[in-house]
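These notes concern the structure reproduced below.
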Amino acid sequence: MSLSKKILVTGGAGYIGAHTVVELFASGYEPVILDDLSRSDRTLLNGIQEITHRDVSFFEGDCCDKQFLSEVFKSAGPFACILHFAAYKSVGESVEKPLEYYRNNIGSLVTLLEVMQDNNVRDLIFSSSCTVYGQPDHVPVNESAPFKRAESPYGATKQVCERILEDAYSTGFRIVSLRYFNPIGAHPSTLLGEIPIGAPNNLVPYITQTAAGIREKLTVFGGDYDTHDGTCIRDFIHVVDVATAHVKAIEYLKQRSEESLYEVFNLGTGIGVSVMQLIKKFIRVTGINLPYTVGARRPGDIEKVFADPAKVNKALHWKVKYSIADSLLHAWQWEKKIRDLKN
Ligand code: WQD
């Protein structure tokens, strides 16, 4: 059992990674961030510093670079656990650039596992995704649901990564895969949040940019699905709730005595919310009359998916703290903040 409090956070300059670094500091850990800044910049590193008043150790580089990764382990370790966020995550972009997604998302995991082995580091928390389920036969979906064919290369990389972990853990790893549903919102301090590159692919940043007047109007992708209001249903979870679940996952592994184990948990609220319901909630919460239109379906979209969170609630002694209204308000406050930053 490692007595170190050092936690390596790959992709720690990104949206979910940065929020998790704040929670790690709050729980007495010493996070070390590794990020190639290909999908992020130093804005969130500054935000972490402003919230925690701590200097965060940061290494800029690529997780697929074995020599670089080995040097980080040697110079900044020993690590008690690794949180592996570093991956490309846009469903739409993965359809356009499948090889980049396979190389980066799978190559970085294999390289990380090899360097962990070289340095006798066994504990890993992996960022997986509800996209591994495809369109589940039943909702809410639990962890025993079978993998359907992934609707995108992004989802396929998460399925392959989970298969790699299933095949590799018995060689001496203790691994938790957290299947994120739809992380949204921003830190209540308004010092951390999502910074999309270009036009947002995801719903909530597109809503907040439309509300800020940066986008002319929101297009709802499809109003003819087999749901109560014809729009897709998702499980929207506050990014800080996602972050605190990672700290609980580290504690969970510390309490397990096995030499090797592999557990998977759905990370969702258990509440299905439609796209139209989310839009109306945003309008109610902010008082902004959001311009939107209902357009064609987006290829690859799942009709309805939301979590059965019973397993994670019980095993990690973790429950969501924030409501959809909190998430939307925090997202809007962050949007206004970064607009000031940019002006
Ligand atoms: C949600 C809904 C769209 C934009 C995300 C992440 C993925 C994974 C799962 C973690 C869909 C609709 C969107 C818009 C719209 N998370 N929409 N107009 O596709 O569920 O995937 O969660 O691994 O990484 O990308 O999220 O926010 O793109 O879409 O109508 O302008 O909103 O059709 O029904 P998605 P999303």
Side-chain angles (χ1 to χ4, degrees), residues 11 14-17 39 84-95 101 105 126-136 139 141 150-159 161-162 177-185 194 196-211 214-227 229-239 241-243 245-246 264-269 272-282 290-307 324 327-328 331:
Y15 174 44
I16 302 174
R39 290 301 195 280
H84 186 44
F85 293 100
Y88 298 154
K89 66 113 187 167
S90 164
V91 171
E93 185 188 48
S94 76
V95 175
Y101 269 68
N105 292 6
F126 175 67
S127 301
S128 189
S129 164
C130 63
T131 44
V132 300
Y133 295 115
Q135 176 56 66
V139 284
V141 62
E151 298 287 335
S152 68
Y154 164 77
T157 67
K158 293 300 182 183
Q159 288 183 341
C161 284
E162 285 206 18
S177 278
L178 296 175
R179 291 177 182 162
Y180 305 161
F181 281 68
N182 287 58
I184 62 169
E194 208 166 355
I197 298 170
N201 289 302
N202 294 135
L203 177 62
V204 170
Y206 207 101
I207 286 177
T208 57
Q209 287 195 7
T210 304
I214 295 151
R215 308 291 162 195
E216 190 190 338
K217 68 177 180 318
L218 169 76
T219 300
V220 174
F221 296 142
D224 59 352
Y225 285 99
D226 181 18
T227 63
D229 61 14
T231 64
C232 290
I233 292 174
R234 292 289 184 277
D235 185 329
F236 297 100
I237 178 170
H238 195 292
V239 63
D241 282 327
V242 173
H246 284 75
V264 179
F265 297 105
N266 283 344
L267 204 43
T269 67
V273 173
S274 76
V275 173
M276 196 53 78
Q277 282 176 312
L278 196 86
I279 291 168
K280 289 177 178 167
K281 178 74 86 174
F282 181 84
L290 194 79
Y292 67 88
T293 178
V294 179
R297 294 184 176 193
R298 179 173 69 175
D301 270 337
I302 303 294
E303 180 173 81
K304 58 183 125 186
V305 61
F306 57 95
I324 282 271
S327 300
L328 292 171

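We count residues from 1, following the sequence as given. In each ligand, atom 1 is the first atom listed, and ligand 1 is the first ligand listed. Only heavy atoms go into these numbers, but all of them, side chains included; no hydrogens, no water, no symmetry mates.
- The OG atom of Ser94 sits 12.5 Å away from atom OH of Tyr88, with the distance rounded to the nearest 0.5 Å.
- The only member of Ile279, Ile184, Val275 that meets side-chain contact (heavy atoms from CB on, under 4.5 Å) when paired with Ile207 is Ile279.
- In this structure, Tyr133 OH and Ser128 OG are separated by 8.0 Å, a value rounded to the nearest 0.5 Å.
- At a heavy-atom cutoff of 4.0 Å, ligand 1 is contacted by no atom of Thr231, backbone or side chain.
- Ser177 and Glu162 form no side-chain donor-acceptor contact under 3.5 Å, judged by distance and modelled atom types alone.
- Summary of contacts: the protein heavy atom closest to atom 23 (O) of ligand 1 is Tyr154 OH, 2.6 Å.
- Protein heavy atom in closest approach to atom 24 (O) of ligand 1: Lys89 O, 3.2 Å.
- With hydrogens and angles left out, the side-chain atoms of Lys89 and Asn202 include a donor and acceptor closer than 3.5 Å.
- Residues Tyr101 and Glu93 have side chains that bring a donor and an acceptor to within less than 3.5 angstrom of each other.
- Comparing Arg234, Arg298, Arg179 against atom 19 (O) of ligand 1, the shortest heavy-atom distance belongs to Arg298.
- Distances between N or O atoms of Thr219 and those of ligand 1 include at least one value under 3.5 Å.
- In this structure, atom 6 (C) of ligand 1 lies nearest to the protein heavy atom Asn202 ND2, 3.8 Å.
- Of the protein's heavy atoms, Cys232 CB, 3.1 Å lies nearest to atom 34 (O) of ligand 1.
- Nearest heavy atoms, Asp235 versus Phe181: O-CB, 3.4 Å.
- Which parts of ligand 1 touch Val220 is read off a 4.0 Å heavy-atom cut-off, strictly below it: atoms 30 (O).
- Residue nearest to atom 13 (C) of ligand 1, selected from Leu203, Leu178, Leu218: Leu203 (by heavy-atom distance).
- With respect to atom 30 (O) of ligand 1, the closest heavy atom belonging to the protein is Phe221 N, 2.8 Å.
- Minimum interatomic distance between Ser90 and Asn201 (heavy atoms only, all atoms of both residues): OG-ND2, 2.9 Å.
- Under 4.0 angstrom from ligand 1, the non-hydrogen atoms of Phe181 all belong to its backbone.
- For atom 35 (P) of ligand 1, the closest non-hydrogen atom on the protein side is Asn182 ND2, 3.6 Å.
- Considering CG of Asn182 and CD1 of Ile233, their distance stands at 12.5 Å, rounded to 0.5 Å.
- Looking at atom 8 (C) of ligand 1, its nearest protein heavy atom turns out to be Ser129 OG, 3.7 Å.
- The protein heavy-atom contact nearest to atom 2 (C) of ligand 1 is Val275 CG2, 3.9 Å.
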